[in-house]
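Down below is the structure, laid out as structure tokens.
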Amino acid sequence: MAILSDIHANRQALDATLRAVREAGAATIWCVGDVVGYGADPSYCLSTILARSERCLGGNHDLGVTGEVSLDVFADLARDAVVWTREALGPAGRKTLQRLSPADPDHEVPMFHGSPRDPVWEYVLQVEQAREALEDRRCPLTFVGHTHLPSAWRLTPDGAMETHIPVPSGPMELTEGRWLVNPGSVGQPRDHDARAAWALYDPEARTVEFRRTPYDVAAAQNAILEAGLPSVLAHRLAEGR
Ligand code: ZN
């Protein structure tokens with residue numbers, strides 16, 4: 001199956017990723033949240049991912065658009081994009097977005113947009129945060145998103161932590177212990193690689209493979225500029241930051 005996160009209303013990146021998912025032979029998609037915000041095509045991305053995914057979380061941007069989290073907590077750029085997205089989605093789109101929760105804990109493979117203790121806002125970047133997230137969950141595998149950085153951590157059976165950043169290429173075996181995996185961002189990568197980031201998870205082989213997919217960045221940038229969204233949101237896509 002394919003794990004997608006932080007699509008951020010980037011239609012071009014989502015379409016290219018869905019093609020790559022099909023080519024990889026993955027029939028099932030799980031989405032770890034932030035379907036909208038920053039990009040120019042929130043309605044398309046929301047309806048497409050809801051039609052295609054078996055599980056789909058809402059992230060801080062999605063909850064900002066629905067009003068479940070206050071606009072005051074967003075940085076200026078993000079807030080401008082949230083306000084624009086509210087208008088673009090309209091009442092029906094906002095209502096659809098309200099169905100999404102930032103946490104899906106009661107699954108064999110739990111998912112949280114941020115982290116188990118703070119599904120909306122925590123950015124898991126440091127190994128000690130990963131440890132706390134893994135100690136919180138007695139599960140072999142948990143997916144998170146939110147940081148836009150592909151990453152993986154392992155809590156070994158003897159209590160040591162392993163960090164896998166940058167992530168390996170090729171299938172990574174989910175060895176004994178507990179794993180916390182972030183597939184990175186489809187629609188706004190921030191690891192200085194402009195390509196869409198996502199992951200393949202094979203439950204039978206017990207592997208995760210981090211993937212990158214090129215897409216039409218210029219078209220996504222033009223859509224952002226034409227929509228009147230802040231131009232920095234267009235420019236950063238080319239740099240992957
Ligand atoms: Zn995000």
Side-chain angles (χ1 to χ4, degrees), residues 2-14 17 29-42 44-46 48-50 53 55-66 68-71 73-86 88-89 97 100-104 111-116 118-125 129 133 142-151 165 167 180-199 210 212-213 215 217 220-221 224 229-230 232-237 239-241:
I3 316 301
L4 276 53
S5 189
D6 296 274
I7 295 161
H8 283 292
N10 186 333
R11 175 184 193 144
Q12 289 75 16
L14 177 60
T17 300
I29 293 173
W30 293 348
C31 173
V32 199
D34 272 359
V35 177
V36 304
Y38 296 138
D41 287 292
Y44 176 84
C45 291
L46 181 60
T48 302
I49 199 65
L50 286 179
S53 60
R55 306 164 70 194
C56 184
L57 301 186
N60 51 307
H61 287 259
D62 304 320
L63 300 177
V65 169
T66 64
E68 259 168 276
V69 309
S70 160
L71 279 181
V73 289
F74 286 89
D76 290 353
L77 267 182
R79 187 169 55 235
D80 290 350
V82 165
V83 170
W84 181 90
T85 303
R86 277 186 185 168
L89 277 179
L97 207 54
L100 306 183
S101 159
D104 184 3
M111 303 201 303
F112 304 88
H113 180 65
S115 73
D118 184 352
V120 180
W121 285 111
E122 185 177 10
Y123 291 87
V124 179
L125 292 163
Q129 292 173 289
T142 300
F143 287 112
V144 292
H146 191 46
T147 65
H148 300 207
L149 298 171
S151 27
I165 304 172
V167 292
L180 187 70
V181 173
N182 184 331
S185 169
V186 169
Q188 198 196 78
R190 290 183 194 156
D191 58 348
H192 303 280
D193 181 341
R195 297 173 299 168
W198 56 285
F210 293 90
R212 297 309 280 249
T213 300
Y215 73 94
V217 173
Q221 291 178 308
I224 286 172
L229 282 156
V232 61
L233 295 176
H235 297 149
R236 69 189 300 178
L237 291 181
E239 292 159 32
R241 62 160 184 91

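First listed ligand is number 1; within each ligand, the first listed atom is number 1. For clarity, every value in this text was computed on a predicted model and none was experimentally measured.
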- What angle sits at the Zn ion (ligand 1) between NE2 of His148 and OD1 of Asp6, to 10°?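 Answer comes to 90°, rounded to 10°.
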
- Shortest non-hydrogen contact between Ile3 and Pro183, atoms and distance: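 Result for this residue pair: O-CB, 3.7 Å.
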
- Message: Between Trp121 and Phe74, is the ring centroid distance below 6.0 Å?
- Response: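 Yes, the ring centres sit under 6.0 Å apart.
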
- Any N/O/S atom of His146 sitting less than 2.8 Å from the Zn ion (ligand 1), backbone or side chain?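 Within the cut-off used here (under 2.8 Å), His146 places no N, O or S atom near the Zn ion (ligand 1).
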
- Task: Using 2.8 Å as a strict upper limit, say whether an N, O or S atom of His61 approaches the Zn ion (ligand 1) that closely.
- Result: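 Given the 2.8 Å cut-off, His61 does not count as a ligand of the Zn ion (ligand 1).
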
- Which of these passes side chain to side chain contact (heavy atoms under 4.5 Å, CB included) with Asp34: Val186, Asp62, Leu57?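 The option that passes is Asp62.
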
- State whether Arg190 and Asp6 are salt-bridged, where the test is any N-O pair (Lys NZ or Arg NE/NH1/NH2 against Asp/Glu carboxylate O) under 4.0 Å.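 Here Arg190 does not pair with Asp6 in a salt bridge, since their nearest N and O are not under 4.0 Å apart.
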
- Query: What atom name does the N, O or S atom of Asp34 nearest to the Zn ion (ligand 1) carry?
  - Reply: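 Of the nitrogen, oxygen and sulfur atoms in Asp34, the Zn ion (ligand 1) lies nearest to OD2.
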
